[in-house]
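Notes follow the structure.
Atoms within a ligand are numbered from 1 in the order they appear, just like the ligands themselves.
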Amino acid sequence: EKGGWDSFMDKEIHEDPAAVQRTLLGRLNKDGDLNLDEVHIDEHDFKAVDKIIVIACGTASYAGMVAKYAIEHWVRIPVEVELAHEFRYRDPILTPRTLVVAISQSGETMDTLMALRHAREQGSKVLAICNTQGASIPRESDAVLYTHAGPEVAVASTKAFVAQITAAYLLGLYLAQVKGAMFRDEIHQVLDSLKQMPAKIQWVIDTQTATIAEAAKRMVDAKSFLFLGRHVGYPVALEGALKLKEIAYTFTEGFAAGELKHGPIALVDEGEPVVFIVPPERGRNVLHAKVISGIEEVKARGAFIIAVAEEGDPDVERYADVVFWRPKAPTLMSPLVDVVPLQLFAMDMANLKGYDVDKPRNLAKSVTVE
Ligand code: M6R
């Protein structure tokens, strides 16, 4: 039930912190090491994994894209992310050492299910990251890592996304642990930052909601939005764009900020709203300066800048028309907070337009046909 909330989506966004927290719960032993025995793939097989292919659709695929940046960095093995419906109809190169990771909230998405069968037929092991106990995708997989976001009712996926990133991170860190790809201390450090994320998400909800509602009021008549990010901010931009189009029926496009001058900047005109995901770690992360220069370029062409950025970022303060602040967080953790204002923004926009945020037109919660 909705409890006191206006919609399931509202309730579920407010459950983002708990979704991350519950997904971490019970997966660390008392020494602080990861324990994923529940996954039932033996260490020997995990050690042998030399490539990961993530298959998923929609929001789940964006969680996979976020995980790609982290897992390649931590484990030093290639991670490909592919839309399940594309993977299914090509001739992918799979070996017994390839781990296919199927990410699905519902566990019933037909495209993802068919893709996982396609992978297993060719001898690869499939691990499901799923939010629904006993659904078809986990049932047909070799192993499952459940996200514990709790049931997600609204068609637009919210808390499942942050839980999927969390679970995929645990998988990556576990692989790093069994393969010896990282020092134990480093793994512990990352896990510590992960444990701090629920409180940081809560900070965003507590302090940014009013600014976001205000921005939605200002932007409600906008015809289109561009969403840009780089590195892990890129899938966050795609997810922000998807949320807004699916429930507010606003035309949106999300793309990698580095692509701007390769085409999309032609779309920027006076007053065009452009949402930038600004990387954290200003001064240490080269991409921060790159994104800021992207902001300058579109600003010079009259764009209306909405930025998601780290608290007090002076460059952002200089250029942005509206800012949704995030507390300090390491780059790889930032998607867990950055997506939250975009979820709230999409919901506010849809509410202002009088749409049913939980049941957008033409969409089903789980897509059980190909
Ligand atoms: O249940 P799944 O995670 O497999 O669903 C995948 C997509 O259909 C889903 O994420 C869809 O894109 C949502 N409507 C996004 O909000």
Side-chain angles (χ1 to χ4, degrees), residues 7-13 15-16 19 23 54-67 81-88 100-119 126-141 144-168 227 235-250 252 254 335 339-340 342-347 349-350 355-370:
S7 60
F8 279 107
M9 187 177 181
D10 200 10
K11 170 174 182 272
E12 289 161 6
I13 296 172
E15 289 168 352
D16 281 342
T23 301
V54 175
I55 49 172
C57 301
T59 292
S61 77
Y62 302 146
M65 283 175 72
V66 170
V81 185
E82 192 157 3
L83 293 169
H85 34 89
E86 285 298 317
F87 175 89
R88 154 95 180 87
V100 173
V101 177
I103 308 184
S104 175
Q105 188 286 128
S106 63
E108 298 297 346
T109 299
M110 188 53 77
D111 288 318
T112 309
L113 183 60
M114 297 305 277
L116 95 75
R117 287 182 185 158
H118 190 52
V126 177
L127 182 148
I129 291 182
C130 184
N131 198 43
T132 313
Q133 292 280 331
S136 306
I137 289 171
R139 264 202 336 261
E140 292 200 24
S141 295
V144 196
L145 186 56
Y146 280 107
T147 46
H148 296 301
E152 192 181 65
V153 177
V155 165
S157 189
T158 55
K159 61 177 179 171
F161 178 72
V162 290
Q164 285 159 351
I165 294 173
T166 306
F227 285 75
V236 172
L238 296 175
E239 172 62 2
L242 176 63
K243 287 291 87 95
L244 194 54
K245 72 173 67 121
E246 70 178 336
I247 61 169
Y249 318 145
T250 307
T252 63
V339 73
V340 179
L342 305 182
Q343 296 170 345
L344 288 165
F345 183 66
M347 180 182 73
M349 290 280 282
Y355 300 142
D356 181 343
V357 297
D358 289 338
K359 288 197 177 62
R361 68 188 182 199
N362 309 341
L363 291 172
K365 180 61 182 162
S366 54
V367 184
T368 53
V369 290
E370 259 196 274

Exercise for the section: State whether the side chain of Asn131 and the backbone N or O of Gly150 hold a donor-acceptor pair below 3.5 Å, judged by distance alone. Expected result: yes
Problem - Set of residues that line ligand 1, where lining means a heavy atom lies under 4.0 Å from it - result: Cys57, Gly58, Thr59, Ala60, Ser104, Gln105, Ser106, Thr109, Val155, Ala156, Ser157, Leu242, Lys243, Glu246
Handout entry: Qualifying salt bridge (charged side-chain N to carboxylate O under 4.0 Å, His left out) pairs with a residue from residues 127-139, counting only residues at least two apart or across chains
Key = none
Practice task
For residues Asp16 and Gln343, determine if any side-chain heavy atom of one lies less than 4.5 Å from a side-chain heavy atom of the other.
Solution key: yes
Handout entry: Residues which pass side chain to side chain contact (heavy atoms under 4.5 Å, CB included) with Thr23, listed by chain and number, not counting sequence neighbours
Key = Arg27, Thr147, His148, Ala163, Thr166, Ala167
Handout entry: Whether Phe87 and His118 hold their rings parallel, tilted or perpendicular, with breakpoints at 30° and 60°
Key = perpendicular
Show me the donor-acceptor pairs within less than 3.5 Å that the side chains of residues 363-370 make with the rest of the protein, sequence neighbours left out.
from	atom 1	to	atom 2	distance (Å)
Lys365	NZ	Glu152	OE1	2.7
Lys365	NZ	Ala154	O	2.7
Glu370	OE2	Tyr89	OH	2.6

